Number of protein chains: 4
Amino acid sequence: MSLTEKPVETPERLAFYQKIDTQGFTPLWAVLSDIITPEPKSACVPNLWKFNLAKQWLLEAGGLITAKEAERRVLILENPGLRGQSKITTSLYAGLQLVMPGEVAPAHRHSQSALRFIMDGAGAHTSVNGERTLMQFGDFVITPPQAWHDHGNQTTEPMIWLDGLDIPMVSFFDASFAEGLGADEQAITRATGDSLARYGTNMLPVDFEQTRLASPIFNYPYARSREALYQMQRQQEWDPCHGLKMRYINPVDGGFAMPTIAPFLQLLPEGFKTAPYRSTDATVFVVTEGTGRSMIDGQVFEWGPKDIFVAPSWKWITHEANGEAVLFSYSDRVAQQKLGLWREQRGLA
Amino acid sequence: MSLTEKPVETPERLAFYQKIDTQGFTPLWAVLSDIITPEPKSACVPNLWKFNLAKQWLLEAGGLITAKEAERRVLILENPGLRGQSKITTSLYAGLQLVMPGEVAPAHRHSQSALRFIMDGAGAHTSVNGERTLMQFGDFVITPPQAWHDHGNQTTEPMIWLDGLDIPMVSFFDASFAEGLGADEQAITRATGDSLARYGTNMLPVDFEQTRLASPIFNYPYARSREALYQMQRQQEWDPCHGLKMRYINPVDGGFAMPTIAPFLQLLPEGFKTAPYRSTDATVFVVTEGTGRSMIDGQVFEWGPKDIFVAPSWKWITHEANGEAVLFSYSDRVAQQKLGLWREQRGLA
Amino acid sequence: MSLTEKPVETPERLAFYQKIDTQGFTPLWAVLSDIITPEPKSACVPNLWKFNLAKQWLLEAGGLITAKEAERRVLILENPGLRGQSKITTSLYAGLQLVMPGEVAPAHRHSQSALRFIMDGAGAHTSVNGERTLMQFGDFVITPPQAWHDHGNQTTEPMIWLDGLDIPMVSFFDASFAEGLGADEQAITRATGDSLARYGTNMLPVDFEQTRLASPIFNYPYARSREALYQMQRQQEWDPCHGLKMRYINPVDGGFAMPTIAPFLQLLPEGFKTAPYRSTDATVFVVTEGTGRSMIDGQVFEWGPKDIFVAPSWKWITHEANGEAVLFSYSDRVAQQKLGLWREQRGLA
Amino acid sequence: MSLTEKPVETPERLAFYQKIDTQGFTPLWAVLSDIITPEPKSACVPNLWKFNLAKQWLLEAGGLITAKEAERRVLILENPGLRGQSKITTSLYAGLQLVMPGEVAPAHRHSQSALRFIMDGAGAHTSVNGERTLMQFGDFVITPPQAWHDHGNQTTEPMIWLDGLDIPMVSFFDASFAEGLGADEQAITRATGDSLARYGTNMLPVDFEQTRLASPIFNYPYARSREALYQMQRQQEWDPCHGLKMRYINPVDGGFAMPTIAPFLQLLPEGFKTAPYRSTDATVFVVTEGTGRSMIDGQVFEWGPKDIFVAPSWKWITHEANGEAVLFSYSDRVAQQKLGLWREQRGLA
């Protein structure tokens, strides 16, 4: 016998299984090869969502329900292999959120970590822990676990961003807590920009003590991140599998910016085609700039600005940029690394 | 609206949902209160398995299938609320394994971490990474991720132990790898007892470098742990909720002995009744010594030596020992703490 | 007897001391109160060096010796209590370095960590590990241990900066290694600005692994640090003892930017007078902007732009700014904290 | 010019040096090659102290002064190259302490870390933080910084142990604090053996939080450490330079047992001759068992049981055991590693 085959079922065995079943026992050998697999075997499949269609439907939703009635007016991007589970990968959630001019998404907090990646519109705000930040295209914004947060749009345009959360992970660990503030907006107690200045300029307050796992920075502006990529690309050190790939960090410890979600920003130079790569962290990609295509598990996905696509665990992936392209992405790599589960493999170009 | 109520569904809305469903979109507001809950809401329920019955059926299984044919002859303890999922809690697995005299459970390895807690019999062996250890009652034995391991029984008595694994967690992260060695037993390259001497006596080899997350000790003998409890109990520092509760550590970093599973050993003095306690890590308890009862979410479970019971996430629990009692337990607390999800609450006695 | 008094010396005792002295023994009780003191007892004294005088003499030195002949043309700031020891505090060194137009200070490397704080001139360069940075007023520049470094001035003005090194500490631990490259300048292999972009924008390369203790950033530009102070001061959170005090960090781990030297930048709002403060890390202050005075152990030191002053271990200090002032400072706090020796005390305003 | 030669002194230069000297300035180039050396250049020299002579003189001291009058009756082992400085290496102190039957060394505490290595006698006690431990030959006992400690001898024999402290290091950092308790003995609040049981058996109390850098274990009994060496030597994995060398750890973090001093225990099998080795941490060796010789910087030192010898920084050392030998040793390696200064080199056998 082995890890990959099951023993033959005899009538005696089946009768035994039935008997022990009544007291909460079941034979391992009947399921072993299903639950300890030679390689990851996931229901998650590759998929791409076109932003234009998503935006059209979001705006339609804007006519059907208010942000306030919905608590959050979001269309979930459900993985076709995981329908009905509110998941884009086995462990992560993705949604597109719309806040219309004049609207507020009321203040609440929860155990779930959230990231926002700003897609469309400019200048609406999100408030976290008493500080308001204005959101611009490409900004990467964090809502740490149990931080009060509310969103508002005082501009004249609809604002759309991608929400990435660890909802399935928190559910899996039976650790969800949530509550509303009972008010549309929390009180603002710190000047806009204070967190970034205080924690995001390679200095920390002399007596600062870290009391939570998430980064104290909550807006990583695209203007700054993009400029850094621009500086670095002069060096022309392209990773065969990634081009130039950076991870957003928590400056307090150099780890990933969030405790459960690993966020990345990646530049593909003009015409670059990556070598095959796979890893155990299924990844959600957001096209920030440029056009191109990715091949995931043998399927080709053509992408343009703001499109979103997902690659499952342990499936080979290659990217190809037409002109220069920039991809934002997120996965559960930080969780897998902490737990000792993460693995990657590089293929031949 | 709020996190706990759902918006009313109108015909327009329902039609919209159907339309967007075709392209992998679904409205968050229809499910929000199900997936971000005010408190943990788990299908896992409290339960107790009597060892005597389990042993009887294990021995019966011993007549139905060999260890070799089964790969591992184990009866899974399935949580009544999670039938068909090979789980004792949402994130963890438990099984009782039998190795008959003269049998071998063949060498394999996998991403999943395993703990063994020795229940019945004495002197059978498990081999891990080239070292063989002899298992005695109460020993806590670790098989780290991807470590080759095989079990054998050269005694004249059946040997039974509890297996605790993170199978559901590894599945959830789509990160399972496994392979057989193609041989019953791995080669033995280190003397029995070497790991414990080398890593378990408050010294480490001067040039030792940690290359994995699990403890380099793989057998924590009960003789030593029990003696430590005996020494400490002279101090009579009883925690109202736990009596005297210790966690097994990895001496290389002081963290839990395993990367995904938190193991504990706990002494309840004679007649001690604990104050209510709850935490987000559902916990599997193994009665090592003594008799008593535990109330979990309002249900009372009477226990005696070697019985196994489970408490779900965030359900109040109290223990009461008749005479002195010792409980071994394990949970996913180490994973939850790394991810920033773990929470506990103490109640009034 | 006690820790503070010595036993009386009798003739018998003295004869005994002489006898055992021949074999390398000596009685502890005769020196105990000198070597284990109730409070720090340092030869280091407060002092201030006027920049204008230092600059005049540096330029005079420029006519007496070339950078190349001197290896480094530096005037050491010797603590008056520690003359002849090349120290500004017991554990640290400070010097002012001059590089004249057209000069090069040749490439070498050593175990000692160096910081540069740019005082006068603009646009000369220092090269570290294959990257050249242009130095501007107020920039904080690091030369990590064993990093090749050379300085050059291709501008038309003399360039002066403060060097802060851990020379006494490395000597104390008998751990000095040094060598010349045998060339004036090392080869340049990375674009100017690459390190700051790659490591200093709250992102890190996805596969970056830290192999040394010092920050991978080697120029912390004053333009950016000063702007952060400006942002934060809107919050008006003044620490009674420090005003607004930040520590430069290593983004890889959130620790101090250097393994043995702790660098700080501190803003004192207009007219602010600090409450008394003392700590065990003797500190070198550099006036970056503004005028004011500091009282150290009862002595008042009036300071203006670019002046340098030192406060010994455990002596009370207060600062008072006339207009707004900015102070750069450095101490051995990072070493003391790692070793468990650092202590601070706040006094009443 | 270079790091190793000094510029020629001209009359103009000498006049300039004199002038600037008045204001606390001095030229770096006149001292550079003395303070930044190509290799460590220490005044510390190799030396050996015979225990028998030391014991004879200690007992003689026992007749000249009481433990109480002396506060601690200790003969310092002064390095011949560092006379008058109360040092055995540049950064560390060693002394031999005698407590006569019926005597008490009164309770005090200080910033300095102390280790005791028990040499002669059996069963006297030391109390640390409310717990009393009985000292046996070969035990390694810790007094953490600022822990109250007192020693007493209720046996009928004189008790002698080696004291290893970081006195020079604490002095160098100007960070000494000390005070007496005003009583001979502190109150005993914990049972003997409690610390070892609680922290030293590969478990930790479930809610234990580390609040200091030193190990919570304060007696590492030789019986246990020696037994571990015995187990490990069956494996016959001899390091060419060290035989079988272990470092005592703090089980809370796996680091060295003390924040400033690195303690080791090392077995040399019968007739083993080590390959040359040098490192930047000058090391104090105590012969625990056996006889043999060590060559340090070309000098041969013959040693027998309880002799003590010292090897300076960066001097080649080899050991040769006649029969099996065990060496205890301590150095400042932990401090140097934290500061990034430590370096080692292996030579050819």
Side-chain angles (χ1 to χ4, degrees), chain A residues 131 140 189-208 210 215-217 219-221 223-237 239 241-257 262-266 329 333 344, chain C residues 131 140 189-208 210 215-217 219-221 223-237 239 241-257 262-266 329 333 344:
Chain A
E131 183 179 336
F140 159 58
T189 58
R190 308 191 72 80
T192 290
D194 187 70
S195 294
L196 186 58
R198 202 169 291 272
Y199 309 112
T201 52
N202 303 311
M203 301 189 294
L204 285 174
V206 66
D207 291 320
F208 176 74
Q210 188 178 20
S215 173
I217 305 172
N219 190 343
Y220 293 72
R224 190 186 282 196
S225 304
R226 184 66 180 88
E227 169 64 16
L229 291 182
Y230 175 80
Q231 283 290 331
M232 279 181 274
Q233 77 178 331
R234 295 164 56 199
Q235 200 60 36
Q236 297 202 307
E237 287 176 341
D239 179 286
C241 295
H242 300 307
L244 171 58
K245 188 169 185 181
M246 306 293 290
R247 58 183 185 83
Y248 291 93
I249 64 162
N250 176 351
V252 174
D253 59 15
F256 284 99
F264 305 93
L265 192 65
Q266 174 177 11
S329 59
R333 177 169 165 174
E344 68 178 337
Chain C
E131 183 179 336
F140 159 59
T189 57
R190 307 192 71 79
T192 290
D194 187 70
S195 294
L196 187 59
R198 200 169 294 271
Y199 309 112
T201 51
N202 303 311
M203 301 189 293
L204 285 175
V206 67
D207 290 320
F208 176 73
Q210 188 177 19
S215 172
I217 305 173
N219 189 343
Y220 294 71
R224 188 187 284 195
S225 305
R226 184 67 182 87
E227 169 65 17
L229 292 181
Y230 175 81
Q231 283 290 331
M232 280 180 274
Q233 79 178 329
R234 295 163 57 199
Q235 200 59 37
Q236 298 202 309
E237 286 175 340
D239 178 287
C241 295
H242 301 306
L244 171 58
K245 188 170 183 179
M246 307 293 289
R247 58 182 184 84
Y248 291 94
I249 65 162
N250 176 351
V252 174
D253 59 15
F256 284 99
F264 305 93
L265 192 66
Q266 175 177 11
S329 59
R333 177 169 165 175
E344 68 178 337

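Lettering of chains follows the sequences in order, A, B, ..., and the numbering in each one begins at 1. If you're wondering where the values come from, they're calculated on a predicted model, not measured in any experiment.
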Most chain A-contacting option - heavy-atom pairs closer than 4.5 Å, from C:Leu196, C:Asp239, C:Asp207, C:Asn250:
C:Asp207
Pick one of side chain, backbone, both or neither for A:Ser215, based on which atoms fall under 4.5 Å of a heavy atom in chain C.
neither
Close side-chain approach of A:Arg226 to C:Thr201, heavy-atom, < 4.5 Å
no
Chain C shares the most heavy-atom pairs under 4.5 Å, among A:Gln235, A:Arg234, A:Arg333, A:His242, with A:Gln235
Calculate, to the nearest 0.5 Å, the distance between atoms CG and CZ belonging to C:Leu229 and A:Arg198 respectively.
10.0 Å
Where does A:Arg190 contact chain C at under 4.5 Å (heavy atoms): side chain, backbone, both or neither?
both
So which residue, A:Asn202, A:Thr189, A:Asp253, ends up with the most heavy-atom pairs under 4.5 Å with chain C?
A:Asn202
Output the option from C:Pro263, C:Ala262, C:Ala228 having the highest count of non-hydrogen pairs under 4.5 Å with chain A.
C:Ala228
A:Met246 side chain reached by C:Pro205 side chain, heavy atoms, under 4.5 Å
yes
Heavy-atom proximity to chain C below 4.5 Å, by part of A:Leu204:
both
Can you tell me which portion of C:Ser195 sits under 4.5 Å from chain A's heavy atoms? Options are side chain, backbone, both or neither.
neither
Exactly one of C:Phe140, C:Tyr220, C:Tyr248 should register a side chain to side chain contact (heavy atoms under 4.5 Å, CB included) with A:Met203. Which one does?
C:Tyr248
Checking A:Arg224 now: which residues fulfil side-chain hydrogen bond (donor to acceptor under 3.5 Å, both in side chains) with it, not counting sequence neighbours?
none
Most contacts with chain C, counted as non-hydrogen pairs under 4.5 angstrom, among A:Gln210, A:Met232, A:Glu237, A:Gln231:
A:Met232
